[in-house]
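No experiment lies behind these values; they were computed from the predicted model shown.
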Amino acid sequence: MANGKSNAPAKTGTAQSEISAAEDVSSFLEQVKRMPPAQRSAGTRGRLIFAMDATMSRQPTWDRALQIQGEMFVETEKIGGIDVQLVYFRGFNECRASKWVSEPSTLAGLMTGVDCRGGNTQIGKVLGHIRREAGQNKISAAVYVGDAMEENVDRLCQTAGEIGLLNVPIFMFQEGHDMIAEKAFREIARLTRGAYFRLDASSARQLRELLAAVAVYAAGGRQALADHSREKGGTARLLLEQLR
């Protein structure tokens, strides 16, 4: 070390960015853990963002979702109901959000007007939308259903952490077994204190039960979900166990 320089290898930009990203994630998680559960004012309705990947690989499951999504409202009507906004992406750089609706028939009509088109995932845009909406008005929860992730995972986690600070749990539902998607989905769920589930090819009943449980949570909070899980068991109980 005659020249005064260290012989230790210099950290690459990539390594430094990875360390920085890990520190950011840890910082977000610590802040989220310290936040108290948000309380919904009496007499107000819960608000749920329902986001879907509408690229071509999702065509079979999109059609199935059209048939079952209305049932997610049934249980919530017992405790005041919820308002839902549909968000989807498809094709080349297309990501759209519907108006807020309170009737399942209205949401079904909006979904029926959407057809799947080839393109890359745009999860970052979905998360950015959730963050903006939550910054303006309280969002009870968000749901995302997809099968792939083709974006920068660190950027997605950054936005997910910001959503976590706004106390909006995201319930990430994955179709298929793409490992890259699974890692990203699990991390987004963790950063927002939500939950992750993998859905199989015959998951219509399972997805119906999960969506109903999430809708109950959005309408009435953790206690409502606890009551619902005692009555229904199964996937509702699994959902409750993942929430922190």
Side-chain angles (χ1 to χ4, degrees), residues 40 45-55 58-77 79-90 94-116 121-134 136-147 159-160 163 166 168-175 185 188-189 192 194-197 199 203-221 224-225 228 235-236 239 243:
R40 186 160 60 86
R45 291 169 65 89
R47 287 168 26 109
L48 172 70
I49 291 179
F50 185 80
M52 297 184 74
D53 175 342
T55 55
R58 295 288 328 290
Q59 182 66 59
T61 51
W62 183 274
D63 290 342
R64 185 169 66 225
L66 291 177
Q67 300 175 13
I68 67 175
Q69 55 77 31
E71 297 182 32
M72 68 189 290
F73 289 85
V74 175
E75 293 295 329
T76 70
E77 292 305 321
I79 50 177
I82 56 173
D83 294 329
V84 180
Q85 183 184 59
L86 173 67
V87 178
Y88 66 90
F89 59 79
R90 62 181 183 177
E94 180 183 0
C95 183
R96 299 180 182 274
S98 75
K99 61 183 180 180
W100 287 93
V101 300
S102 57
E103 295 295 331
S105 59
T106 304
L107 183 62
L110 293 172
M111 293 183 69
T112 302
V114 178
D115 61 323
C116 293
T121 64
Q122 299 178 58
I123 302 170
K125 290 184 179 180
V126 171
L127 295 178
H129 175 79
I130 294 171
R131 180 182 56 192
R132 287 191 299 274
E133 286 285 331
Q136 296 172 3
N137 293 290
K138 171 62 183 171
I139 303 297
S140 306
V143 168
Y144 177 81
V145 183
D147 63 352
T159 308
I163 292 170
L166 294 170
V168 181
I170 302 180
F171 299 87
M172 302 293 293
F173 297 147
Q174 180 187 1
E175 292 176 329
F185 288 11
I188 291 169
T192 62
Y196 164 89
F197 287 94
L199 305 169
S203 61
R205 180 186 61 81
Q206 185 183 31
L207 181 58
R208 181 185 298 113
E209 292 175 356
L210 287 167
L211 290 179
V214 171
V216 166
Y217 176 82
L225 179 58
H228 178 76
T235 53
L239 190 73
L243 290 174

Would you call D53-R58 a salt bridge at under 4.0 Å N-O? no
When every non-hydrogen atom of Q85 is compared with those of S98, the smallest separation belongs to NE2-O, 3.0 Å
Are side-chain heavy atoms of I170 and Y196 found at a separation under 4.5 Å? no
Those residues that, when tested against Y144, pass ring-ring contact (aromatic ring centres under 6.0 Å, His included) (two or more places apart): F185
Could you state the interatomic distance from CD1 (I163) to CZ (R132), rounded to the nearest 0.5 Å? 10.0 Å
Non-neighbouring partners of A160 that pass side-chain contact (heavy atoms from CB on, under 4.5 Å), sequence neighbours left out: I188, L191, T192
Which pair of heavy atoms, one from A213 and one from L225, lies closest together, and at what distance? O-CD1, 3.6 Å
Rounded to the nearest 0.5 Å, how far does CE of M52 lie from CZ of F89? 10.0 Å
Please report the shortest heavy-atom distance between V216 and A224, naming the atom on each side. CG1-O, 3.5 Å
I130 CD1 to I49 CD1 distance, which is reported to the nearest 0.5 Å: 5.0 Å
Side-chain (R45) to main-chain (I82) donor-acceptor, under 3.5 angstrom: yes
With heavy-atom distances below 4.5 Å as the criterion, would you say the side chains of R96 and V114 are in contact? no
Can you name the closest pair of heavy atoms from G194 and P169 and give their distance? CA-CB, 3.8 Å
So W100 and E133, do their side chains get closer than 4.5 Å, heavy atoms only? yes
Which residues pass the side chain to side chain donor-acceptor pair (under 3.5 Å) test with T159, sequence neighbours left out? none
Output yes when a side-chain donor or acceptor of S140 lies under 3.5 Å from a complementary backbone atom of R47, and no otherwise. yes
Is any side-chain heavy atom of D115 closer than 4.5 Å to one of R90? yes
Closest heavy-atom pair and its distance - A97, H129: CB-CE1, 3.6 Å
Non-hydrogen atoms of V126 and A51 that approach each other most closely: CG1-CB, 3.6 Å
